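Shown next, in structure tokens, is the structure this report addresses.
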There are 2 protein chains.
Amino acid sequence: MPRKITIHQIAKEVGLNASTVSLALRGDPKVREKTRDRILEAAKRMNYEPNNLARSLSNGRTRIIGVMLSDMSRFYEESLEAVFTLGEAAGFTISVRFCSWDQAREKAGLHSFVSNRIDGIIWGPTDYNTAEIAEMDALLHKFEVPTVMYGLPDDTQSLHCYQIGLDMQKSIQVGLAHLKSYGHTDIALLAATEVQGMFGRMYRRRMAMFRDAFIAEGLHLDDRRIFEVGDDNCGGLDLALKLSQMERSQWPTAIFAADDLLARELVKSFKTLGVRVPEEISVIGYDVFPWAMGGQLCSVNLNTKEIGEKAIQMLLKCINSEHPQQFDQRVEVLPQIRLGTTCGRPRSR
Amino acid sequence: MPRKITIHQIAKEVGLNASTVSLALRGDPKVREKTRDRILEAAKRMNYEPNNLARSLSNGRTRIIGVMLSDMSRFYEESLEAVFTLGEAAGFTISVRFCSWDQAREKAGLHSFVSNRIDGIIWGPTDYNTAEIAEMDALLHKFEVPTVMYGLPDDTQSLHCYQIGLDMQKSIQVGLAHLKSYGHTDIALLAATEVQGMFGRMYRRRMAMFRDAFIAEGLHLDDRRIFEVGDDNCGGLDLALKLSQMERSQWPTAIFAADDLLARELVKSFKTLGVRVPEEISVIGYDVFPWAMGGQLCSVNLNTKEIGEKAIQMLLKCINSEHPQQFDQRVEVLPQIRLGTTCGRPRSR
DNA sequence: GTGAAAGCGCTAACAC
DNA sequence: GTGTTAGCGCTTTCAC
């Protein structure tokens, strides 16, 4: 038995023509049911596996959607799951590339997408507004590869791609407004900024946005109210310990943790040390962990599931349309306050 | 300007034949340098992007390696990075599929790899020894797609694929032996087993292996020495608190945490609560976090980087060889004790 | 060195 | 309903 079976061999086997086999395999109603059954039976028996290269070369589409990501960050987990679910339901295969925050690899990966003639791209870029990004954006546009960039913090008007926007500063403001609604004004910030590499860079960027958000909400963020720790999910204990050595009258009334895992550890540590949350101090988290603390943690959720859904929906619309221009260039995904039990009115001082 | 440029259009532009252009683009020495420069210049100017579908259909290989994973688990991070680095250095594009622990999706993904005629597969299966896995293994074998399965706990002799083995029980025994070498015999186990879904399943499986490993090392594991928590990286504090309410004479002399993050939190919590590690109690972790606690944590490292390296090296060897049978069917990757400062001799009782 | 021609496996238009 | 034919864009063999 020959190794790679083609439709011609199946055709010969059942005494028909290759094009009939082709039609039958794709379930075309033109071919009689009995004929189709014979063909399918032979295909299965001969271990036929269709050759997508030939198929795609011939009909001009691959039914593959490429996803370009910087790393296997938790940030992408939920959105990617949404992309899979909706993309596969629409008959597409999802192919992922990672670039490890390396722009050369990112570029090479996107080129490979183009060379392999995938039908569309979802792209979470390593950085924004750099020359490389603009160059790839222009290339993808020139090749008419439908592309959705997602997780973009700012409106990057110069790009041609569709964009799923995520206004981080606004989402922080949402959290601050939530705390203000309880009456908090003395709010501290717990953030991991001493992390090395790209993660650290991300955290530091996030920190800058926190500062801006405080100002935008008319709040004062004293430098002594900023607690920086050297690890993304192991600094809560440090802060709880630090505070427990201070007089309570000196405490802030609420703490905004820049990461849900930090917040989770902070709350647990407070409880361990006998500090009541939220009676003595309120805690709010920020990020992408809806499951943190079994839903008890109050947090600003970045809603990444919706980001993924919007991205794949936009892309599918664009792929299936003749006039992709008619769609909105940019869609904003709004964060959601996830109510828990860790925020309350400030203690009386 | 037409949208998709082909070598024929370039040929027409420079007044040559398409086959010359084809040779020139691939840097064949047969074509004169001056001619090649003219061709490359035209290709760049016209924004030519090669069509891999046509190329692969013609020459029979795609230069793509497919990686099939269950999810974006931290377990895969390092190994995947190794696969990228070595694979790309060898001129391959790495394409990743995730199946979210769904065997139907896993199967579909592997089929798509075959249909797209990728040159080889690295596969971390969702489960072992099931009919589905065996079926896909047989199919991949029949299609002669070189395949390396990795992270396999047991010797699965019935499979045709190359295997990178990881003997979890032995690696736990390595950790236990390390503790025994200090003189510990009263060793407790901290594990997260109340986690939902596939993670929980994995943790429970890990738990069973811990029991077997204790027995194999001639140690007694009393049920009261097993501390199960409901979260994969937030249970350390609970245990530290629990122990601090017990008389120290009742304590175990060492704790084996089934996860580095658990271990890390445990050590930090001990320190917070005034318990000296390792003077009063030793802690050893287990998993894939070489960076946990800045290298201070003593741990059994599963060595996933080497798993990835071995996998891609085996695969490349197999792809480049005419006689893949000559290589070993299965390679074992051994865990390493990562020495830290959290293990020492047991306190005198 | 360069060109001509066949073919990779499939699809799609059109005959019959 | 089924067969015929002409590509899809590239590589490869063989002339010249």
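Atom set for the values below is all heavy atoms of this structure, side chains included, hydrogens, waters and symmetry mates excluded. Just so it is clear, the structure is predicted and the values come from calculations on it, not from any experiment. Each chain gets a letter, A, B and so on, in the order the sequences are listed, and its residues count up from 1.
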Handout entry: Test item: B/Ser112 side-chain N/O and B/Gly109 main-chain N/O as donor-acceptor pair under 3.5 Å
Key = yes
Exercise for the section: Just jot down the side chain to side chain contact (heavy atoms under 4.5 Å, CB included) partners of B/Asn51, sequence neighbours excluded, or say none. Expected result: A/Leu57, A/Arg117, B/Leu53, B/Ala54
Practice task
Please list residues of residues 11-27 of chain A whose heavy atoms come under 4.0 Å from any atom in DNA chain D, ordered by number; otherwise none.
Solution key: A/Leu16, A/Asn17, A/Ser19, A/Thr20
Problem - For A/Ser70, side chain to side chain donor-acceptor pair (under 3.5 Å) partners two or more places apart - result: none
Handout entry: Residues that A/Asp127 engages under salt bridge (charged side-chain N to carboxylate O under 4.0 Å, His left out), provided they are two or more places apart
Key = A/Arg201, A/Arg205
Problem - A/Gln103 (side chain) donor-acceptor with A/Glu132 (main chain) under 3.5 angstrom - result: no
Problem - B/Ser79 side-chain N/O to B/Tyr76 backbone N/O, donor-acceptor pair under 3.5 Å - result: yes
Exercise for the section: Determine to 10° how strongly the helix from C/dG1-D/dC16 to C/dC16-D/dG1 is bent, judged from the axes of its five-pair ends. Expected result: 40°
Practice task
Would you please classify the geometry between the B/Phe98 ring and the A/Phe84 ring as parallel, tilted or perpendicular, with 30° and 60° separating the classes?
Solution key: tilted
Problem - Positional range of nucleotides in DNA chain C within the contact set of chain A, heavy-atom, under 4.0 Å - result: C/dG9 to C/dA12
Fill in the blank from the handout: Contacts of B/Arg32 meeting side chain to side chain contact (heavy atoms under 4.5 Å, CB included) (sequence neighbours excluded), chain-then-number -> B/Thr35
Practice task
Could you tell me which residues satisfy salt bridge (charged side-chain N to carboxylate O under 4.0 Å, His left out) with A/Glu135, sequence neighbours excluded, listed by chain and number?
Solution key: A/Lys107
Handout entry: Residue closer to the 5' end of DNA chain C, B/Val31 versus B/Arg117 (nearest nucleotide)
Key = B/Val31
Exercise for the section: Sequence neighbours left out, what pairs pass salt bridge (Lys or Arg N to Asp or Glu O under 4.0 Å) with at least one residue falling in residues 82-103 of chain A? Expected result: A/Glu88-B/Arg105
Completion exercise
Closest to the 5' end of DNA chain D, once B/Lys30 and B/Asn51 are matched to their nearest nucleotides, is B/Asn51
Handout entry: Start and end of the DNA chain D segment that chain A contacts, any atom under 4.0 Å from a heavy atom
Key = D/dG1 to D/dG9
Practice task
Using a 4.0 Å heavy-atom cut-off across all strands, classify A/Ser56 as base, sugar-phosphate, or nothing.
Solution key: nothing
Completion exercise
Hits for side chain to side chain contact (heavy atoms under 4.5 Å, CB included) against A/Leu40, two or more places apart or cross-chain, chain-then-number order -> A/Leu25, A/Arg36
Exercise for the section: Would you mind telling me which of B/Thr304, B/Ile307, B/Leu152 makes a side chain to side chain contact (heavy atoms under 4.5 Å, CB included) with B/Leu166? Expected result: B/Ile307
Check: residues 13-22 of chain B side-chain donor-acceptor pairs under 3.5 Å, at least two apart:
{"from": "B/Glu13", "atom 1": "OE2", "to": "B/Arg45", "atom 2": "NH1", "distance (Å)": "3.2"}
{"from": "B/Asn17", "atom 1": "OD1", "to": "B/Ser19", "atom 2": "N", "distance (Å)": "2.8"}
{"from": "B/Asn17", "atom 1": "OD1", "to": "B/Ser19", "atom 2": "OG", "distance (Å)": "2.8"}
{"from": "B/Ser22", "atom 1": "OG", "to": "B/Arg26", "atom 2": "NH2", "distance (Å)": "2.7"}

